[in-house]
There are 2 protein chains.
Amino acid sequence: MEERVTIRELARRSGVSVGTVSRALNGYADVRPETRERIMRLASELDYTPAAAARSLVTQRSHVIGVFMETGEGHPDLQHPFFHEVLGGLKQRVGREGFDLLLFASERPGGGYGPHSYLKRARHHSVDGCALIGLDPDDSEVRRLVRGEIPCVAIDMQLEGPNTEVVMSDNEAGAAEAVRHLHGLGHRRIATITGMIDSRPGVDRLRGYRNAIQELGLAYRDEYVRYGDFYAESAREATEKLLALPEPPTAIFAAADLMAIGAVRAAAEAGLSVPADLSVVGFDDIQLAPHVNPPLTTLRQDKLGLGAAAGDALVARIAGDPERPQLRTLPVELVVRGSTAAP
Amino acid sequence: MEERVTIRELARRSGVSVGTVSRALNGYADVRPETRERIMRLASELDYTPAAAARSLVTQRSHVIGVFMETGEGHPDLQHPFFHEVLGGLKQRVGREGFDLLLFASERPGGGYGPHSYLKRARHHSVDGCALIGLDPDDSEVRRLVRGEIPCVAIDMQLEGPNTEVVMSDNEAGAAEAVRHLHGLGHRRIATITGMIDSRPGVDRLRGYRNAIQELGLAYRDEYVRYGDFYAESAREATEKLLALPEPPTAIFAAADLMAIGAVRAAAEAGLSVPADLSVVGFDDIQLAPHVNPPLTTLRQDKLGLGAAAGDALVARIAGDPERPQLRTLPVELVVRGSTAAP
DNA sequence: TTGTATGCGTTATCAT
DNA sequence: ATGATAACGCATACAA
């Protein structure tokens, strides 16, 4: 069982005080080059590693970003591919700045006193900042967190706080573009399957759909709007209903790729082929989008970019950067593949 | 700017010493009920949260599990859906035991002295244990980590260390079952697209394929084995080659669902339809498997179970549980859906 | 340029 | 049952 090598050990072995070792290691100017040299060599020989706990205790900086990430009801943790890609972007970006990610898993921080609380968990670990992914913005605990002193960034959620920023895609514009694309192809009977309507992306994409329908002079039909939950199964059912309409749509804008895939599936089950009999456009451009059959026409979200933007925001706020926009919106891009065609 | 409320503050306000507060909060027996009561109430009023850093400094336990997670070359971080589901299982399991997950992102732990090193990063944060997902088992730094004093669990990797366990699916049996399923359907010309052959699941699934081919008395053909990398694109190319053979296979066992999807795609591009003209079976049973077109016949890995098993192993090891199996293998299950049929 | 001393917020070991 | 006091490993203000 190897003993942990501490800064004290280093001091002892190199014949100087711990203060000097600390300064040498941290690159302070006021230390004789040869002393520093000696210490550095010793440190690397002994494979010295500073204890983050001790350091953060004194510096009040943990270099850790907390991540609260959940997904919709009934869909256990970490299921939607979208979130993972965002997480990947976040990880890369903050990693470059020397931060690690603490993925909160425990609900009993610090051994169990007190109720479940985001703020508490964040404080317990002294995270320098928090990323919020897939939470319920109406949760009072979430609100308490963003009202607190810890810099936060919310992804795809409408949230306000003195120290929090929001990052999301331009969902409304993207949805509108989907409809315009379909219209340009010659479609006039265009339906939509929405995401969860209590989420910001859900309502924004629906709004974009409505705006475009109106702007293009198409008649808005209530029966062409079905409510889904971002996952495949909901869209499959919705599509069934849509296709059973007396005047079924010739095209569907699904507010998520997973739902677009569910729609394609429902079409196939109804003996219809995409895009010959029905056009489908998704949203997200998940990793699989180009590989499914047919490849999905979709609105690409810059998922890595979203994560990176979130990381940027956090890092800047942590560094004390004062004026920052409260909301940053990233553009989405129409990617035309094989699931859409003229009616 | 609210001041952080510390245990000292609690002591001052409640008129006792910090020692007593600590004992009261931590449920020690030797504290007068009314004193405890008073302290507890005050703590909850002030929303006191203990500082994990301070605590772990003295207890030498951080209640944090470190996670090293990368994926294959050329595929940026966190891309393969399989890993996320495993991560989800791990998160749930250890969360219940009061652990949080530290997702290592930074390559310069503690401000930059010393080279990249898994062991160093783990020690820096004093994690109680480490989960290794999607790393290169031949990396000398990985080896150093598992040779160290920190309990480790490796998922889908062959790794040995005094304090490390390995968790994986029964890949060999699963692959063999895939081939048998195809054979049972009447297929005789059965090809395979492998995963990365330097990974344990990659070789095990290939071995399972070979065993079954032999066991069933089929001729083993070199040209029926193509090498992929677990991702869709590689399988698409492989399938193209396979279909161009003078005597093309009537069925393909792809060592991952993502690859199965790539294979289906290639078939479609060649004007072939699955399963009518070509049967395809995948491996993993990713979330999308039932929803793609056609729904995938595949070998289901218990991904949540894998993560949970890893969490179990870690928690037990951390608790000091001495004798534990070095390797635990989880069964896989054939799920027959729409991508396979008689030739 | 270097050493000393103090404190960060806890837990733990003594006394009392 | 409670209070001092000493760690834990490190950074830093101040002395020297």
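Predicted model, so just to flag it, every value in this text is computed and none were measured. Reminder, nothing fancy here: chain letters follow the sequence lines and each chain counts from 1. Only this structure's heavy atoms are used, side chains among them; waters, hydrogens and symmetry mates stay out.
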Checklist entry - Toward the 5' end of DNA chain C, which comes first, Arg23(B) or Val58(B), by nearest nucleotide? => result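 Closest to the 5' end, via its nearest nucleotide, is Val58(B).
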Hey, does the side chain of [X] come within less than 4.0 Å of [N]'s phosphate (OP1/OP2), counting only N and O?
{"X": "Arg32(A)", "N": "dT1(C)", "answer": "no"}
{"X": "Tyr28(A)", "N": "dA13(D)", "answer": "no"}
{"X": "Ser22(A)", "N": "dT12(D)", "answer": "no"}
{"X": "Thr20(A)", "N": "dT2(C)", "answer": "no"}

Checklist entry - Of the non-hydrogen atoms in Val5(B) and Leu10(B), which two are nearest, and what is the gap between them? => result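 So the two residues come closest at CG2-CD1, 3.9 Å.
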Item to check | Sugar-phosphate only, base, or nothing, as touched by Ser56(B) at under 4.0 Å among non-hydrogen atoms | outcome: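 Touches nothing.
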Checklist entry - For Val31(A), which contact category applies under a 4.0 Å heavy-atom criterion: base, sugar-phosphate, or nothing? => result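 Sugar-phosphate contact only - Val31(A) comes under 4.0 Å of backbone atoms but never of a base.
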Measure from [atom1] on [X] to [atom2] on [N] and round the result to the nearest Å.
{"X": "Leu25(A)", "N": "dC10(D)", "atom1": "CG", "atom2": "C1'", "value": "11 Å"}
{"X": "Ile39(B)", "N": "dT2(D)", "atom1": "CD1", "atom2": "C1'", "value": "10 Å"}
{"X": "Arg61(A)", "N": "dG9(D)", "atom1": "CZ", "atom2": "P", "value": "24 Å"}
{"X": "Leu57(A)", "N": "dT6(C)", "atom1": "CG", "atom2": "C1'", "value": "13 Å"}
{"X": "Arg4(A)", "N": "dC8(D)", "atom1": "CZ", "atom2": "P", "value": "13 Å"}
{"X": "Tyr48(B)", "N": "dT11(C)", "atom1": "OH", "atom2": "C1'", "value": "10 Å"}
{"X": "Gln60(A)", "N": "dG9(C)", "atom1": "CD", "atom2": "C1'", "value": "9 Å"}
{"X": "Asp30(B)", "N": "dC14(C)", "atom1": "CG", "atom2": "C1'", "value": "13 Å"}

Next on the checklist: Restricting to side-chain hydrogen bond (donor to acceptor under 3.5 Å, both in side chains), what partner residues turn up for Gln158(A), sequence neighbours left out?
Outcome noted: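 Per chain and number, Gln158(A) pairs via side-chain hydrogen bond (donor to acceptor under 3.5 Å, both in side chains) with Arg200(A).
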Checklist entry - Angle class for the His125(A)/Phe104(A) ring planes (parallel below 30°, perpendicular above 60°, tilted otherwise)? => result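 Ring orientation of His125(A) relative to Phe104(A): tilted.
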Checklist entry - Quick one: does Asp136(B)'s side chain get under 4.5 Å of Val142(B)'s, heavy atoms only? => result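 In short, these two side chains do not touch, never coming nearer than 4.5 Å.
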Checklist entry - Below 4.5 Å, heavy atoms only, C-beta onward: do Ile318(B) and Glu97(B) meet side chain to side chain? => result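 Ile318(B) vs Glu97(B): side chains apart.
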Item to check | Verdict with reasoning, Leu132(A) to Leu145(A), per side chain to side chain contact (heavy atoms under 4.5 Å, CB included) | outcome: CA-CA 10 Å; Leu132(A) 279 32; Leu145(A) 172 61; 3.9 Å; yes
Next on the checklist: Out of the candidates His84(A), Glu85(A), His80(A), only one should pair with His84(B) under the side chain to side chain donor-acceptor pair (under 3.5 Å) rule; please name it.
Outcome noted: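 Single side chain to side chain donor-acceptor pair (under 3.5 Å) partner of His84(B) among His84(A), Glu85(A), His80(A): His84(A).
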Checklist entry - Among residues 5-15 of chain A, which contact DNA chain C at a heavy-atom distance under 4.0 Å? => result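 Only Gly15(A) qualify.
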Item to check | Pairwise distance CG(Leu90(A)) to CZ(Phe83(A)) - rounded to 0.5 angstrom | outcome: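 Interatomic distance, Leu90(A) CG to Phe83(A) CZ, rounded to 0.5 Å: 13.5 Å.
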Checklist entry - In Å, rounded to the nearest 0.5 Å, how long is the span from NE2 of His63(A) to CG of Asp128(A)? => result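 If I round to the nearest 0.5 Å, the distance is 6.5 Å.
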Checklist entry - Hey, what bend do you get for the helix from dT1(C)-dA16(D) to dT16(C)-dA1(D) if you fit axes on five pairs at each end, rounded to 10°? => result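 Answer rounded to 10°: the end axes differ by 50°.
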Item to check | Contact nearer the 5' end of DNA chain D, comparing Thr59(A) with Arg38(B) | outcome: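 Counting from the 5' end, the first nearest nucleotide belongs to Arg38(B).
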Item to check | Nearest-nucleotide 5' precedence on DNA chain D, Ala53(A) against Val18(B) | outcome: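 It is Val18(B) whose nearest nucleotide is closer to the 5' end.
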Checklist entry - Quick one: do Lys120(A) and Glu141(A) make a salt bridge, cutoff under 4.0 Å? => result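 Here Lys120(A) does not pair with Glu141(A) in a salt bridge, since their nearest N and O are not under 4.0 Å apart.
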